[in-house]
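Data first, discussion second: the structure below is written as structure tokens.
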Amino acid sequence: MKQYNPAEIENKWQQKWKEEKRFEVQNHQPGKQNRYVLIEFPYPSGKGLHTGHVRSYSAMDAVARKLRIQGYNVLFPMGCDAFGLEAERTAIREKKLPQEIVARNIATFKKQLQKLGLSVDWSREINTSDPDYYKWTQWQFLQFYKHGLAEKREMLVNYCPNCGVLANEEVEDGKCCQCGRDTTQKPKEQWILKITNYADRLIDDLALTNYMPHIKTSQINWIGRSEGVEVDFATTAGVNFSIFTTCIETIYGITFMVVAPDGKIVKELKPYITNWDEVSEYQKQTAKKSDFMRCELNKDKSGVQLKGVMAINPVNGKQVPIYAGDFVLASYGTGAVMAVPAHDQRDFEFAAKHNIGGNIQVISGGDVTEHAFEKTDYLGKGCILINSEQFTGQIVEEAKKNITDYLVKKGIARKNQNYRLSDWCFSRQRYWGEPIPMVYCDKCGWQPVPEDQLPVTLPIVDNYEPDKEGNSPLARIDSFVNTTCPCCGGVAKRETDTMPGWAGSSWYYMRYCDPNNSKEFASSDALKAWLPVNLYNGGNEHTTRHLLFARFWNKFLFDIGLSPVKEPFDSRVSQGIVLGANGVKMSKSLGNVVDPLDVINQYGADALRVWEAFMGDYFETVNWSDDGTKSAFRLLNRIWNMKEVLVENNVTELDYAINHAIKKVTEDIDNIKFNTAIAEIMTCTNEIYKLNKIGKAQYKNFVTLISPFAPHIAEEIFEECGFGEFKDQTWPTVDESKLVLTQIELPVQVNGKVRAVIKVAADASADEVKNIALQVTEVLKYVTGDIKKVIYVPKKILNFIV
RNA sequence: GCUGGUGUGGCGGAACGGCAGACGCACACGACUCAAAAUCGUGCGGGAAACCAUGUGGGUUCAAAUCCCACCACCAGCACCA
């Protein structure tokens, strides 16, 4: 049998598509509906793409191509998320400019993507580090600022005495990943965006989307809305502070309080604390830990008592000790908690460690001597309060309400919501990012750069390494820093922090709609034409960050009338990762990286794409296999060679198989079940080989079915067989009449075990089926004694219970 | 620890209340060939059988890989969120 030559065919068609501008779309195409298929744009690392990345690109390309054949006007764009730490570090290592590194990496990516034969509209390509693009990122930042959603706030940053401010990923076990020195947490003024203002809407509006359920769940949990009560506590020192609790029903069980060591409460209490040396030492220890370490690695419940001062429980006037404990974070809630060891395991362990005796059980129904009796155990079980004065005897749920009302009436408590989500730290002390377009004037304070002066471009400089003091490298460049105040015209200094990598990626899908607009980030008409994105594909790791940031960003633009939609993405899916053949993540150091270009050279892009679709469920993790591409190549050859057995008229015996395939492949692509779509095409191929003939019209339809996955070979077959221009082909429709079976095979069970399979008419009645089954010896063998019950599920099963 | 997810032949996987193992890989055999590769075809969970098999143990059901409860293992993300 002949083998086709993928290299020749693929080059030919890729060239042709380019010349014809086949995949360039207009925002409006008369008579066609728009569809927007989006895949997260790649971060152009120096490593290039491996076969793991190919999976989502080729899969979404298949979706886009099918929609196009179905008659939609499809936007399927591509670009590069070009700002970021990796490019900067590579540049430093190679002593080049980040701009050069990015240009080089983008070229590699583009070559790889184009060899795959993606149906991308390259005329809309964007790059977030292009001044024409980041001008609008800066412009949008200014809108956040002007609407009070951006401000400077003191935040804790990772700090290394040698390398300056570090990203979380640059800290490992409390040490700097570059030089190995111990890192600390240092407070620093940072720009933040108030995403928490949108917390409720970010949860509630998920109802307007069709994201996969686990993606919605992840976002809801990440935002972490909790309803509770903020209660004021007095102290013997006369200083008051508030705590936040979701378990107000346990307030009579308080035996101590815990405050964040680095919070403002400790500062206010300082004059009254008699063991300040000890407390101050504990603060230093805390500064060495990141929030994550404070939460995860602090299994020992470290803490220190603030001696000389006691807190007063507002419900009964009881005095309890106050501790500083690093498991309490200054940034969450009020930075203080009430501790009830009898009903909170964390408090229980803290009390045990610090020998705080006298645990008070206030909810009956559990034993609290060895372990706390927590809310997950007592809520909704009708448990009642004990040891709680006038609330004793009430059911937990009632008591919760009554205690809250009582405290609110007394004016010392407020119902409140707290969010796990914190505001978005938007400053980076790095070179390779969008400069934040703000100017500081001693007289006028922070002033936005006038919009007509945008973009504030990144100066091209030799030395852009991070600063040891923790300042941005831009701060060293006088010509950049020194400017005039837009307000008073006096001397002023530019902000030298840059934006995080998440900035440019928060609105890139909007720019694709109108990529060359120099007057606005995208015209309202273009946005209305394409938004919301119909299908957005991206990695699971972005579910809680990028996806949330992008939704927040859009909501803000919607509020100020610049986005036409409340939610930017209608549906969101995440592909499973492709591991190396040895079952671990592809990485250069492990030597299991497969370059898609190598595979394409051997078997062609079509075979690679088909194998990527077939290798497993799209949402699950799968292992790469070299043999897989070979099997896909084999399938394509089998389809290719059907040309030799072509007959003029349709082969009736194939009607069922072909129509079944049309139905199954159509539904499977719609449902992102690419693996079973390919399996169906294989099954149908086997049928065709059994008969060893296929009608022209049948072949044309069958080839169309594989074309979203193997577009090059499909167009070549069309040309060779004289099927006309592929771009005029429409997606085949199912002839349901060919799928109607008159006879079906029905499994017959006795007591739930299959004993025989009988052939019956598809529309046979229960009695008819029963009578036929009871003539089969295999069935009769097991039907002994009376038949107690007969279950017949039409076309599915017949079950005798004896 | 928390959150989300996953456990099915030698392997990748399918089925997601109704014949477990579709489809493919690997393997074996046959055809073609001087021969090999390629190709085409046949077989392929275990067991002599009764039967046993979808991580483990329970439960619901006429019927469970699928639904419920408990547990174990693995993967990913993380900020002990009071």
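Chain A is the first sequence line, chain B the second, and so forth, proteins listed ahead of strands; every chain is numbered from 1.
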- Between B:G7 and B:U66 - C1' atom distance, rounded Å: 14 Å
- prompt: Aromatic rings A:Tyr603 and A:Phe633: how do their planes relate, parallel, tilted or perpendicular, breaks at 30° and 60°?
  reply: tilted
Any strand, both distances under 3.5 Å, Watson-Crick or G-U wobble: B:C16 pairs with none
Ignoring backbone atoms, test whether A:Lys753 places a side-chain nitrogen or oxygen under 4.0 Å from the OP1 or OP2 oxygen of B:C62. no
Taken to the nearest whole Å, CD/A:Glu620 to P/B:C74 is 18 Å
Closest to the side chain of A:Asp617, out of B:A22, B:G4, B:A14, is B:A14
Can you label the angle between the A:Tyr536 ring and the A:His546 ring as parallel, tilted or perpendicular, going by 30° and 60°?
perpendicular
Please state the P separation for the pair B:G4 and B:A64 - nearest whole angstrom.
29 Å
OP1 or OP2 of B:C62 under 4.0 Å from side-chain N/O of A:Asn751: no
All heavy atoms of A:Gly539 vs all of A:Gln575, minimum pair found to be N-OE1, 4.1 Å
field: P-based separation of B:A20 from B:C51 [nearest Å]
entry: 13 Å
Span that lies between the P atom of B:G47 and that of B:G9, in whole angstrom = 16 Å
Please state the P separation for the pair B:A65 and B:A53 - nearest whole angstrom.
10 Å
**Request:** Using the P atom as the reference point in each nucleotide, state the distance between B:C29 and B:C44 in Å, no decimals.
**Result:** 16 Å
By nearest-heavy-atom nucleotide on RNA chain B, the more 5' of A:Ile797 and A:Trp611 is A:Trp611
* With C1' as the reference atom in both, quote the distance from B:A63 to B:G17 in angstrom, rounded to an integer. => 8 Å
Can you tell me how the ring of A:Phe552 sits relative to the ring of A:Trp424, calling it parallel under 30°, perpendicular over 60° and tilted otherwise?
perpendicular
note: A:His542, atom NE2; B:C78, atom P; distance rounded to Å ~ 10 Å
Looking only at B:C78, B:A82, B:C19, the nucleotide nearest the A:Val754 side chain is B:C19
A:Trp222 has its side chain closest, among B:A79, B:C51, B:G18, to B:A79
Looking at A:Arg638, does any N or O in its side chain come under 4.0 Å of the phosphate oxygens OP1/OP2 on B:C40?
yes
Looking only at side-chain N and O atoms, does A:Thr217 come under 4.0 Å of OP1 or OP2 in B:U3? no
note: A:Tyr689, atom OH; B:G24, atom P; distance rounded to Å ~ 13 Å
Ranking A:Val622 and A:Tyr782 by the position along RNA chain B of their nearest nucleotide, the one closer to 5' is A:Val622
Review point. Less than 4.0 Å between a side-chain N and a carboxylate O, is that true for A:Arg755 and A:Glu778?
Key: no
For nucleotides B:C52 and B:G1, find the distance between their P atoms and express it as a whole number of Å.
38 Å
Worksheet item: Counting just side-chain N and O atoms, does A:Arg634 come under 4.0 Å of either OP1 or OP2 of B:C25?
Response: yes
query: A:Arg420 side chain N/O closer than 4.0 Å to the phosphate oxygens (OP1, OP2) of B:C2?
result: no
chi for B:G24 classified (syn = within 90 degrees of 0, anti otherwise) as anti
**Q.** Centroid-centroid distance, A:Phe373 to A:Tyr378, less than 6.0 Å
**A.** yes
Quiz item: Reckon A:Asn637 has a side-chain N or O less than 4.0 Å from the OP1 or OP2 of B:U39?
Solution: no
Applying the 3.5 Å cut-off to both distances, the Watson-Crick or G-U partner of B:G30 turns out to be B:C40
- [ ] Check whether any side-chain N or O of A:Asn686 sits under 4.0 Å from OP1 or OP2 of B:G24, and answer yes or no.
- [x] yes
Next on the checklist: Salt bridge check, A:Glu680 against A:Lys673: does any charged N sit closer than 4.0 Å to a carboxylate O?
Outcome noted: no
Separation of B:C16 atom C1' from A:Ile672 atom CD1, nearest Å, is 18 Å
